[in-house]
Amino acid sequence: MATEERDGYSPSDIEEKWQRLWDERATNSYTLQEIQSAEDPFYNLVMFPYPSAEGLHVGNIYAYTGADVHGRFHRLQGKTVFAPMGFDAFGIHSENFALKVGTHPMDLIPSNVKNFTRQLRRLGGMYDWDHSVDTTDPAYYKWTQWIFVQLFKAGLAERKEAPVNWCPSCMTVLANEQASSGACERCGTAVEQRRIAQWFFKITKYAQRLLDNLDHIDWSKKTMKAQGNWIGRSEGAQLHFPVIDASGDEGGLSVEVYTTRPDTVFGATYMVLSPEHPLVDAVTDDEHRATVVAYREEATRTDLVARQRVDKTKTGVFTGGRCRNPATGEAIPIWIADYVLMEYGTGAIMAVPGHDGRDFAFATKFELPIVRVMAAPEHDADTPLHEAYVGPGTMVNSGEFDGTDVSESVAKVTDWAHGRGWGDATVNYRLHDWCISRQRYWGPPIPIIHCGACGAVAVPEEDLPVILPRVEDFKPDDSGVSPLARVEEWYQTQCPECSGPARRETDVSDTFLDSGWYFLRYPSTDFDDRPFDPEITRRWLPVDTYIGGNEHAVLHLLYSRFITMVLKDLGHLDFEEPYDVFRAHGLIIAEGAKMSKSKGNVVIPDPIIEQFGADTFRTYLMFLGPYEDGGDYQPQGIQGPFGFLHRLWDTATSAESGEPDPDVERKVHQTIKQVTEQIPALGYNTSIAALMECLNTIRADGRVAKRAEIEPLVPMIAPFAPHLAEEIWQRYGNDESIFDGANWPVCDEAKVVEHTVEVAIQVNGKLRGQIPVAKDTPEDAVVAAARSDENVARYLDGVEERRVIYVKERLVNFVVG
RNA sequence: GCCGGGGUGGCGGAACGGUAGACGCGGCGGCCUCAAAAGCCGCUGUCCGCAAGGACGUGCGGGUUCGAUUCCCGCCCCCGGUACCA
């Protein structure tokens, strides 16, 4: 079916025509030489998609269109805009889908990629398809593996046994970021705890730098906030609590705790260890051993969702052991409880029930002593606590510190503890090391060879890539190892160092490693012998503008920053932040919810594009609301932009020659000013509104437009409706693409100025009239005219005029009383 | 709980502290048509009024100001993120 045609504007015909011409003329792709010599490079990047079998839905299209508008605008400004597109095709998404439909991912991915490519072309995206990436292509993942090797050699990749999140449905380990609320982000199944040997990237070494750099990159605020929170720096102190025996003697052991409130140490009436804490056995006495062991086993078995529920009733058992509170000298009992997490801090806490809600709940349940050590002015030292008090105040029941204000208490107590040898100021981060191994099939094999004699050895770079073999039975199992561990002929190999028999690592790497560096690859895809060419990288990177969804605020965006920093430290890059500017686009809401497959409210774009054309659909999506806020998808609203583009076409193709009307010309220049400011700031909806208003002025009262009036609108609509703009531009006698040949219109400030303005007249701030006033009329003349306005005069009659406020060419306000 | 972002007509949304509701959807009326669709023109925050005009209006309550959707204080609600993080 062809798009609806009216007045000779046939979207389907001109869109097909221009998509073909862009290909034939290589309008949007660059040769190696062009990449190497671009004078004014602008790297416009959008997050690449995972090529699902369903294709792109309207939510995806919204993201890509907004980024495309941005790129096309900068190109019209004269920049050499590089806008590549690729496919993040490895990973559990693809593999699970392949398992579901019973097709091998190696067969599935190419057809999905083909479909995505078709949709993106049909949308009119300005992509350089000569510089595409597919993360499943050995020519790509060769370098993904190379990056792993670089980290391994730098000591930033290590294998260790660790409690990990295990998804019993996907049968794999997940990163903390993929199981952040205790459920697998892929399938929603509750994750379990397992101890498995895993590969980790030591991202925690970079925690402070990742945090500090947030101060000097230009990113959407919400993204930086989310990332800052995720890194989760907190300042406090590590305190040492000596373990004592029944007679009160110290035996050399001590429990280390981390606290952000060392100043409340006088109120620490008991200790709590995480059930997994290594000292549990040592502090437990014989009388309590059986209950402690039982509790610990129970805690380990409990999945993380159930265990980490905030509203869960506190549980725990007494070990029989005691510590000495180093501040008070008193012996306090040591408990174990699953509300203390081994992964954070030291895995042990000093419990201050008077001033911590969790400790209060626990102490209340188990009838442990609660002591007030912080008091607000309305309290005294003995005011009973009915809940934990966490507000401001001064220290009480704290020996020499009584009376110290909370503003300085932390520092003073930390110093004191340090001086006496039982405390140190410390910083803690919530960020964990990045668990990078996956016991799955569909990913790049981790390029490591395990040798009985030499240990873990990196695959030599000249042997990369380690090709993922085609395995028909790639279903994961419960064994805790990858399906590749069933392929003996693949994993059996020789040690690169001693040539002895050795075994390949059978885990594959996390998808987020694939996407951790893809932006480096795009400009350098012409080279097979290097991941990214140094000279090209210097010219094109960091990315000028990166656009994507905020759901990646703590995953992809953090990992790719980390990888970039590491590559800089290893001398491969000369910058450490990959994206100068990041903008998170908003979400498309349909039927009151984010458009997503799981919500069942997905709208397929293809039929809409078929009916109205890509230009209309693009313009409609960008008109819905502020790009960074997203928009509410209401199908009937497309009629507005559809009619607008038709009227624009009609006006442009029937325009006459001749001098522009001065009033119309003023409107045009005001529009140029507005649109030129708003498009780069992603103010797409208001830019389109301004263009609509301008066209309405040009066409007012059915007048026939002058070519000079309508002509500036053609490049201005081009980012939104590129095909339409190209066609009109060509009909105006130009051979080149508008994106190469047109100059963005320049606003002539002199032409913007209004000659007559409507001045509002207020009396006591209430609008009582308005009068037309010629520009540059002196204030007293305006005020006199305002005063003589019939309606205004009624309000000024018989009252005392106290003041007159005059805002030049805007309003007069008479203050009376 | 904490961290973000919001609450403006029937709807999506506009508004450097200066005429609230631009632009668009929807609705109403008209032109064109045998008719319909499309297109074009006009009206469209609520209430009072024939009109001129007036009152009320940007989640709620205060405040600053000649003037507040906008700034400040205190609440309520919605959306997103995050969470026994000590």
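The basis for the numbers below is simple: all heavy atoms, side chains too, and nothing from hydrogens, waters or symmetry mates. Each chain gets a letter, A, B and so on, in the order the sequences are listed, and its residues count up from 1.
A close approach under 4.0 Å does occur between a side-chain nitrogen or oxygen of A/Asn685 and OP1 or OP2 of B/A14. Here A/Lys314 does not reach the OP1 or OP2 of B/C84: none of its side-chain N or O atoms lies under 4.0 Å away. Listed pair A/Tyr795 / B/G54 meets the phosphate criterion, a side-chain N or O lying under 4.0 Å from OP1 or OP2. Distances shown here put a side-chain N or O of A/Tyr344 below 4.0 Å from the OP1 or OP2 atom of B/A86. Listed pair A/Arg358 / B/A86 fails the phosphate criterion, with no side-chain N or O lying under 4.0 Å from OP1 or OP2. Close to B/G53, at under 4.0 Å from its OP1 or OP2, lies no side-chain N or O of A/Arg768.
For B/G9, the base adopts the syn conformation, since its glycosidic angle falls within 90 degrees of zero.
No cation-pi contact links A/Arg358 to A/Tyr339, judged by a cut-off of 6.0 Å to the six-membered ring centre and 45° from its axis. Taking the ring centre of A/Trp219 as origin, the terminal cationic atom of A/Arg561 falls inside the region bounded by 6.0 Å and 45° from the ring axis.
Residue contacts for A/Leu624: at a heavy-atom cut-off of 4.0 Å it reaches the sugar-phosphate backbone alone, with no base atom in range. At the heavy-atom level, A/Glu758 lies under 4.0 Å from base atoms of the strands shown. Across all strands shown, A/Lys221 has heavy atoms under 4.0 Å from sugar-phosphate atoms exclusively, and none from any base. Nucleic acid contact for A/Asn696: sugar-phosphate only, since backbone atoms but no base atoms lie under 4.0 Å from a heavy atom of the residue. Within 4.0 Å of A/Asp359, counting heavy atoms only, lies no atom of the nucleic acid at all. Residue A/Gln762 is classed as a base contact, given a heavy-atom separation below 4.0 Å to a base. Among the atoms of the strands shown, only primed sugar atoms or phosphate atoms (P, OP1, OP2) are found under 4.0 Å from some heavy atom of A/Arg794. Using a 4.0 Å heavy-atom criterion, one finds that A/Asn813 contacts the bases of the nucleic acid, with or without backbone contacts as well. Within 4.0 Å of A/Glu693, counting heavy atoms only, lie sugar-phosphate atoms of the nucleic acid but no base atom.
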Original post:
Do A/Lys775 and A/Glu754 pass the salt bridge (charged side-chain N to carboxylate O under 4.0 Å, His left out) test, and can you show the C-alpha distance, the side-chain angles, and the key distance before you say yes or no?
Top reply: CA-CA 7 Å; A/Lys775 185 182 169 347; A/Glu754 299 275 357; over 6 Å; no
Original post:
Given the rule in the salt bridge (charged side-chain N to carboxylate O under 4.0 Å, His left out) test, do A/Asp797 and A/Arg794 qualify, once you have shown the distances and angles that lead to the verdict?
Top reply: CA-CA 5 Å; A/Asp797 187 34; A/Arg794 293 196 300 137; over 6 Å; no
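In this structure, of B/G13, B/G24, B/A55, it is B/A55 that holds the atom nearest to the side chain of A/Lys766. If you check B/U19, B/C84, B/A86 against the side chain of A/Arg810, the one that comes closest is B/U19. The side chain of A/Arg430 sits closest to B/U82 out of B/U82, B/G18, B/C84. Taking the side chain of A/Arg647 as heavy atoms from C-beta on, and the options B/C40, B/G54, B/C66, the nearest nucleotide is B/C40. Of the candidates B/G12, B/A15, B/C85, the closest approach to any side-chain atom of A/Leu341 belongs to B/C85. The side chain of A/Thr260 lies closest to B/A86 when the candidates are B/G4, B/G18, B/A86. Among B/G13, B/C66, B/U19, the nucleotide with an atom closest to any side-chain atom of A/Gln770 is B/U19. The side chain of A/Ala689 lies closest to B/C23, out of B/C23, B/C85, B/G12. Here the nucleotide nearest the side chain of A/Arg699, chosen from B/A86, B/G5, B/C40, is B/C40. When distances run from any side-chain atom of A/Val815 to the nucleotides B/G4, B/C66, B/C40, the shortest one goes to B/C66.
Across the P atoms, B/G7 and B/U69 are found 14 Å apart, a figure rounded to whole Å. Nucleotides B/G9 and B/G61, compared at atom P, are 16 Å apart to the nearest Å. Rounded to the nearest Å, the gap between the C1' atom of B/U8 and that of B/G12 is 12 Å. For the P atoms, the distance linking B/U58 with B/G10 amounts to 13 Å, nearest Å. Distance noted for atom P between B/C73 and B/G5: 15 Å (whole Å). For the P atom pair drawn from B/G67 and B/G57, the interatomic distance equals 16 Å after rounding to whole Å.
Residue A/His355 comes nearest to A/Val390 through the heavy atom pair O-CG1, 3.5 Å, listed as atom of the first residue, atom of the second, then distance.
Proximity of the aromatic rings of A/Phe512 and A/Trp434 is defined here by a centroid distance below 6.0 angstrom, and this criterion is not met. For A/Tyr270 and A/Phe362, the distance between ring centers is under 6.0 angstrom.
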